[in-house]
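Working notes, structure below.
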Amino acid sequence: MVDTPLPSFAAIIVAAGQGLRAGQPLPKQFASWRGKPVVRHSAEVLSRASQLFVAIPEGADEVAGEALAGLSGIKLVTGGATRQDSVRLALETLESDAPERVLIHDAARPDLPAEVIARLLYALDEHTGAIPVLPVVDSMVVAEYGLMAGDAGRERLRRVQTPQAFRYADILAAHRAWTGEATAGDDAQVLRAAGHDVALVEGDERLKKLTFAEDFMHIALPSLRVGTGYDVHRLAPGEELWLCGLRIEHDQGLAGHSDADVGLHAVVDAILGACARGDIGQHFPPSEARWKGAASSAFVEHAVVLAAEDGWQVGNVDLTLICEAPKIGPHREAMRAKLAELLGVAVDCVSVKATTTERLGFTGRGEGIAAQAIAMLVRGS
Ligand SMILES: Nc1ccn([C@@H]2O[C@H](COP(=O)(O)OP(=O)(O)OP(=O)(O)O)[C@@H](O)[C@H]2O)c(=O)n1
Ligand SMILES: C[C@](O)(CO)[C@H](O)COP(=O)(O)O
């Protein structure tokens, strides 16, 4: 079915509410969510409509214009005191270029899958209206004076979402004829009151309506950060070889200002990168004598402290050592244990891998050892 071209349709996004329950600095439809204004998410998806109207609060043209900047073809219309008023006002505005089909969508449901739009539009081939629904998974009860007054029978209940799809002329007439409550829950109720059927199509949990402050909370504090690190040191006779905090017996060692532990340096840069705290050279300048011959384990411990200052703790680290020799395998587990100790994490959060470059490049010629690392930081508990 999804390969069938979509029928032409107009769209209305209702974004004229106050968003009081969400408690955001702006009406929730203009607040930021996953990096852009809430209303922009569905406006981008519905920009494929033949006409797209967005109902906004009185006097919100500027904030709405900013939220929808760059999206062509959107017409703003002032909404009303209730959601239903906003829908009717937008429907009336559409009449001058009446479409056959119209989708009516809550701006407060930003994550709009294209598959739901398709299902709704195809349902209009057989029905005057169609709405996306989801099953009720919790038991439902009738409440009276704070007590359970009986089972509400969830088998017959569905959770209703938007967008809701209608044959335009019928939904316009139904709104005009509506004599029920001033605030019908949704447009499907208005259409049914006018005697039309409403098809139920499969909705999507992604269509959750942003209603309360907690619906925005996880966005304020991203719980993960990722950073990468890369380092190289030259192999030279007469130097000690330190890798991942361990002294490794080998016929050459790594030259550098500190102990030149290339593996730990890559890990330090990955942690610093994940919390955007610069790089190892900024914190431990090779120009400073105090770092001459310093154990790089101290650099790792300092990077962990810097991340913790910003509320982060190390989630996991994956380090790859790139060299022809020495063989890393025999030391891998000891390296993992040492690195886990320095990072303050369990060993299973630390991966140490190794690879050769098939004798290609400076590592292949045994001139140096390279290391690359990735680190994930998580919000400190
Ligand atoms: N007069 C209104 C009221 C609501 N809406 C829109 O209808 C959708 C669903 O309404 P709701 O989630 O209740 O939003 P608000 O009414 O803004 O929320 P609150 O009740 O917390 O103020 C929202 O996109 C809202 O912008 C509208 O266009 N016009
Ligand atoms: C239209 C709707 O989103 C369908 O679930 C719902 O009825 C809106 O209710 P609200 O009280 O305006 O949030």
Side-chain angles (χ1 to χ4, degrees), residues 11-33 36-46 52-61 63-64 67-68 74-94 102-112 116-117 120 129-136 140 157-166 171 174-175 178 180-193 198-217:
I12 293 170
I13 297 175
V14 284
Q18 299 177 68
L20 298 176
R21 289 170 289 178
Q24 295 302 297
L26 288 173
K28 66 183 177 181
Q29 59 271 34
F30 303 125
S32 180
W33 186 80
K36 52 189 171 185
V38 166
V39 66
R40 191 181 184 91
H41 289 263
S42 58
E44 288 175 346
V45 174
L46 291 171
L52 174 54
F53 282 76
V54 179
I56 62 173
E58 179 101 33
D61 296 68
V63 66
L68 299 167
I74 293 178
K75 299 184 184 75
L76 301 179
V77 58
T78 300
T82 67
R83 183 186 183 282
Q84 187 178 333
D85 290 342
S86 299
V87 171
R88 182 176 45 75
L89 288 164
L91 287 170
E92 297 284 0
T93 310
L94 260 173
V102 63
L103 288 185
I104 302 173
H105 183 56
D106 293 339
R109 297 176 188 271
D111 193 2
L112 172 51
V116 175
I117 295 173
L120 288 164
I131 58 174
V133 296
L134 290 174
V136 173
M140 306 298 282
L157 300 177
R158 297 293 181 272
R159 290 181 286 140
V160 177
Q161 302 178 312
T162 73
Q164 301 187 359
F166 304 96
I171 190 66
H175 266 275
W178 174 259
E181 285 291 307
T183 56
D186 65 9
D187 306 294
Q189 291 172 34
V190 172
L191 187 74
R192 280 194 77 246
V198 176
L200 305 184
V201 305
E202 184 187 352
D204 193 305
E205 291 293 354
R206 286 171 51 187
L207 277 164
K208 172 181 166 56
K209 184 161 69 75
L210 304 181
T211 304
F212 303 104
E214 56 263 29
D215 294 330
F216 290 80
M217 280 302 283

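For ligands, and for the atoms within them, numbers begin at 1 and follow the listed sequence. Residue indices begin at 1 and follow the sequence shown.
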Inset, instruction - Could you find the nearest protein heavy atom to atom 13 (O) of ligand 1 and give me its residue, atom name and distance? - result: Arg21 NH2, 2.7 Å
Legend entry - Per-atom contact, atom 10 (O) of ligand 1, protein heavy atoms, under 4.0 angstrom: no
Legend entry - Minimum-distance protein heavy atom relative to atom 28 (O) of ligand 1: Ala16 N, 2.9 Å
Legend entry - Contact check: Arg83 vs ligand 2, nitrogen or oxygen atoms, below 3.5 angstrom: no
Inset, instruction - Answer with side chain, backbone, both or neither: which part of Arg21 has a heavy atom less than 4.0 angstrom from an atom of ligand 2? - result: side chain
Legend entry - contact_flag Ala55 ligand 1 heavy-atom lt 4.0 Å: no
Inset, instruction - With rounding to the nearest 0.5 Å, note down the distance linking CZ in Arg192 to CG in Asp187. - result: 14.0 Å
Inset, instruction - Distance to 0.1 Å, residue and atom name: give those for the protein heavy atom nearest to atom 12 (O) of ligand 1. - result: Lys28 NZ, 2.7 Å
Inset, instruction - Would you mind telling me which of Leu94, Thr93, Ile56 makes a side chain to side chain contact (heavy atoms under 4.5 Å, CB included) with Val77? - result: Thr93
Inset, instruction - Could you list the atoms of ligand 2 found under 4.0 angstrom from a heavy atom of Asp186? - result: 1 (C)
Legend entry - Subset of ligand 2 atoms that lie under 4.0 Å from at least one heavy atom of Thr162: 1 (C), 3 (O)
Inset, instruction - State the CD1-OG distance between Ile104 and Ser86, to the nearest 0.5 angstrom. - result: 11.0 Å
Inset, instruction - Apply the test side chain to side chain contact (heavy atoms under 4.5 Å, CB included) to residues Val38 and Phe30: give CA-CA distance (whole Å), side-chain angles for both, the deciding distance (0.1 Å), then the verdict. - result: CA-CA 6 Å; Val38 166; Phe30 303 125; over 6 Å; no
Inset, instruction - Would you tell me which option among Gly17, Ala81, Ser42 has the nearest heavy-atom contact to atom 16 (O) of ligand 1? - result: Gly17
Inset, instruction - For Arg159 and ligand 2, answer yes if some heavy atom of the residue is under 4.0 Å from a ligand atom, otherwise no. - result: no
Inset, instruction - State the CZ-CH2 distance between Arg40 and Trp33, to the nearest 0.5 angstrom. - result: 15.0 Å
Legend entry - Sidechain-backbone polar pair: Arg21 side chain, Thr211 backbone, donor-acceptor under 3.5 Å: no
Inset, instruction - Would you mind listing which atoms of ligand 2 come within a distance below 4.0 Å of any non-hydrogen atom of Val160? - result: 4 (C), 5 (O)
Inset, instruction - Please determine if Gly19 has a nitrogen or oxygen closer than 3.5 Å to a nitrogen or oxygen of ligand 1. - result: yes
Legend entry - Short N-O contact, Asp111 and Lys208, less than 4.0 angstrom: no
Inset, instruction - Pick, from Arg83, Gln18, Gln84, Gln29, the option with the minimum heavy-atom distance to atom 2 (C) of ligand 1. - result: Arg83
Legend entry - Sub-4.0 Å heavy-atom contact, Ala15 with ligand 1: yes
Legend entry - For Leu68, the option from Leu52, Val63, Val39 that meets side chain to side chain contact (heavy atoms under 4.5 Å, CB included): Val39
Legend entry - Option with minimal heavy-atom separation from atom 8 (C) of ligand 1, where the choices are Asp186, Val54, Asp106, Thr162: Asp106
Legend entry - Reported CZ-to-NZ distance for the pair Phe216 and Lys28, which is rounded to 0.5 angstrom: 7.0 Å
Legend entry - Gap between atom NE2 of His41 and atom CZ of Arg109 - 0.5 Å precision: 15.5 Å
Legend entry - Heavy-atom nearest neighbour in the protein, as seen from atom 1 (N) of ligand 1, with distance rounded to 0.1 Å: Gly80 O, 2.9 Å
Inset, instruction - Report yes if some N/O of Ala22 lies less than 3.5 Å from some N/O of ligand 1; otherwise report no. - result: no
Inset, instruction - Tell me which protein heavy atom sits closest to atom 22 (O) of ligand 1, plus the residue, atom name and distance to 0.1 Å. - result: Leu20 N, 2.8 Å
Legend entry - Polar contact flag for Gln161 and ligand 2 (N/O pairs, less than 3.5 Å): no
Inset, instruction - Return yes if some donor-acceptor pair links the side-chain N/O of Asp186 with the main-chain N/O of Gln189 below 3.5 Å, else return no. - result: yes
Legend entry - Atom pair CD/CZ of Gln24 and Phe212 - distance to nearest 0.5 Å: 13.0 Å
Inset, instruction - For atom 6 (C) of ligand 1, find the nearest protein heavy atom and state the residue, atom name and distance (0.1 Å precision). - result: Val14 O, 3.6 Å
Inset, instruction - Measure the distances from the heavy atoms of Gln189 to every atom of ligand 2 and state whether one is below 4.0 angstrom. - result: no
Legend entry - Residue, atom name and distance, where the atom is the protein heavy atom closest to atom 29 (N) of ligand 1: Ser86 OG, 2.8 Å
Inset, instruction - Please determine if Arg159 and Glu205 form a salt bridge, counting it only when a charged side-chain N lies under 4.0 Å from a carboxylate O. - result: yes
Inset, instruction - Could you tell me which atoms of ligand 2, counted from 1 in the order shown, lie closer than 4.0 angstrom to a heavy atom of Arg109? - result: 2 (C), 3 (O), 4 (C), 5 (O)
Inset, instruction - Using the side chain to side chain contact (heavy atoms under 4.5 Å, CB included) rule, take Gln164 and Leu103 through it: C-alpha gap first, then chi angles, then the decisive distance, then the call. - result: CA-CA 5 Å; Gln164 301 187 359; Leu103 288 185; over 6 Å; no
Inset, instruction - Go through the steps to decide whether Leu134 and Leu207 satisfy the test side chain to side chain contact (heavy atoms under 4.5 Å, CB included), and finish with yes or no. - result: CA-CA 10 Å; Leu134 290 174; Leu207 277 164; over 6 Å; no
Legend entry - Any N/O pair Lys209/ligand 2 closer than 3.5 Å: yes
Inset, instruction - For the pair Thr162 (side chain) and Asp106 (backbone), establish whether a donor and an acceptor sit closer than 3.5 Å, ignoring hydrogens and angles. - result: yes
Legend entry - 4.0 Å heavy-atom contact, Thr211 with ligand 1: no
Legend entry - Contact check, Arg109 vs ligand 1, heavy-atom distance below 4.0 Å: no
